[in-house]
Amino acid sequence: GKHVEILDAKTREKLCFLDKVEPHATIAEIKNLFTKTQGKSLKDEDVLQKLPVGTTATLYFRDLGAQISWVTVFLTEYAGPLFIYLLFYFRVPFIYGHKYDFTSSRHTVVHLACICHSFHYVKRLLETLFVHRFSHGTMPLRNIFKNCTYYWGFAAWMAYYINHPLYTPPTYGAQQVKLALAIFVICQLGNFSIHMALRDLRPAGSKTRKIPYPTKNPFTWLFLLVSCPNYTYEVGSWIGFAIMTQCLPVALFSLVGFTQMTIWAKGKHRSYLKEFRDYPPLRMPIIPFLL
Amino acid sequence: MGRLTEAAEAGSGAQAARWAGPPPTLLPLSPTSLGCAATMASSDEDGTNGGASEAGEDREAPGKRRRLGLLATTWLTFYNIAMTAGWLVLAIAMVRFYMEKGTHRGLYKSIQKTLKFFQTFALLEIIHCLIGIIPTSVLVTGVQVSSRIFMVWLITHSIKPIQNEESVVLFLVAWTVTEITRYSFYTFSLLDHLPYFIKWARYNFFIILYPVGVAGELLTIYAALPYVKKTGMFSIRLPNKYNVSFDYYYFLLITMVSYIPLFPQLYFHMLRQRRKVLHGEVIVEKDD
């Protein structure tokens, strides 16, 4: 066989050395070998002795670029909407006409919406500080700009209309608001229950992964049908909020969020399937039986 | 591949490839990255892009054409011939109108049906990307086609007073020449018979046509602004039961502003494509 050495085209550094390559191997096959030898990224906890290497271990270094901690990102992206919504709720000057400065809406649902929205983000902040156990310490820095634009932008857009002096309350009145509030509250409790269940799966300071199962808490029974019930409940909360406020921007925010969470749920579901042979077959990623 | 697995066993995580003294002779890989190595001969000229947008084509597609079914190739060839013909008809109609009438007034009205038909038909290109018979990204093609649909249906069709503006002729000419060049490029590539002047045109005309087209579009939108403001068209005001509002006038302003970051990006991407195609040729000749 032949020896094949692969260099980085820009820096001329040696990237890889393959020996005993068949002379009639195609470039495609060699590319395949090269990517196979690179393998998955190592974890901080991996022990050198336990790695499948020969007498010399060659480790590849990949610069991930500027990083920021997950906790910092979450706190920033959630504190924004909390604060911004309140600016609109209290009708701070220069948002609506001057005659409306610091006035209060005459619709009950507007006050209720403020409580729900604020509660939602306070819950998220507290969960970030006290509940969640993160697999990764950091994420790329540019994510904080992207994420904050998304959360803060939508919060401002929704809040503008809900707290507008010309806001129109829901068509079916108190009935609609009560139903929507029930959906919202149930889903918030559900979402919190799932976060607690996931936290209890993983001991403090560890990064182990286990299959989540339903517990005594009825809200966790959704685990029977979906891999990521936290996302299911989250979508449910926003649908509730949309029905409560009958505000199209809220519906659009729910739709965009749903799309993103579906992508995440599908990814999570796939990695559960890959990692655990005995993964419950009835479960769907995010919507029972459907998606 | 039996003996090759020895190197492959180095597996998950750490790399066990060994450095064994002075490097042996290298395989003749292209100086471009490993991922592009296999494309060095065929370059971006592979004409399977039956209408894919200019900006999105840097995906490698050598041999991908051979993997395309007969049905897909036949359809794409038909599609590209039809589009070339359509834009040619448009070009001829425009020239004839100007020669007969000596003015651009009424030109848009006379060609509008053909324009709307062929430009709207281009929506198919998004489907081509979705089903994978074109290697370009759906997003890029989507954006490109959408901006054309926007100009045709939401500006010139909907805002009648600006149909006789000179700026309309400006972008129509730019679009027509661009599309004829582009679709004939794809057609000839699919037929494996690409005349050099078509490739040359494709990678050089845009240098003038892109800015001219953008100028025409921006001037047209600008001319439309007063009418949009006056009529309040396509807008929703408060109060309404869905608690939302939309102001088409401000939407158009934001659209115009968005050309500022977007246009240079697309333009320089095209310039890079051009250098890669022309540059790529040079390297193939010099190769050992």
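Please read these numbers as outputs of a predicted model, since none were measured by experiment. Each chain gets a letter, A, B and so on, in the order its sequence line appears, and its residues count up from 1.
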Heavy-atom neighbours of A/Phe102 CZ exceed 12 at 6.0 Å: yes
Whether over 12 other heavy atoms sit under 6.0 Å from A/Tyr96 OH: yes
Closest non-hydrogen atom pair, A/Pro249 against B/Tyr242: CD-O, 4.3 Å
Neighbour count above 12 (heavy atom, 6.0 Å) for B/Ile131 CD1: yes
side-chain contact (heavy atoms from CB on, under 4.5 Å) between B/Lys241 and A/Thr171, worked out: CA-CA 7 Å; B/Lys241 71 172 170 176; A/Thr171 312; 4.1 Å; yes
Neighbour count above 12 (heavy atom, 6.0 Å) for A/Tyr172 OH: no
Residue A/His24 versus chain B: region with a heavy atom under 4.5 Å: neither
B/Phe150 atom CZ, over 12 foreign heavy atoms within 6.0 Å: yes
Point-to-point distance, once rounded to the nearest 0.5 Å, from CD1 of B/Ile236 to CG of A/Leu248: 7.5 Å
Close side-chain approach of B/Ser245 and A/Tyr161, heavy atoms under 4.5 Å: yes
Taking every non-hydrogen atom, the tightest pair across A/Cys247 and B/Asn243: SG-O, 3.5 Å
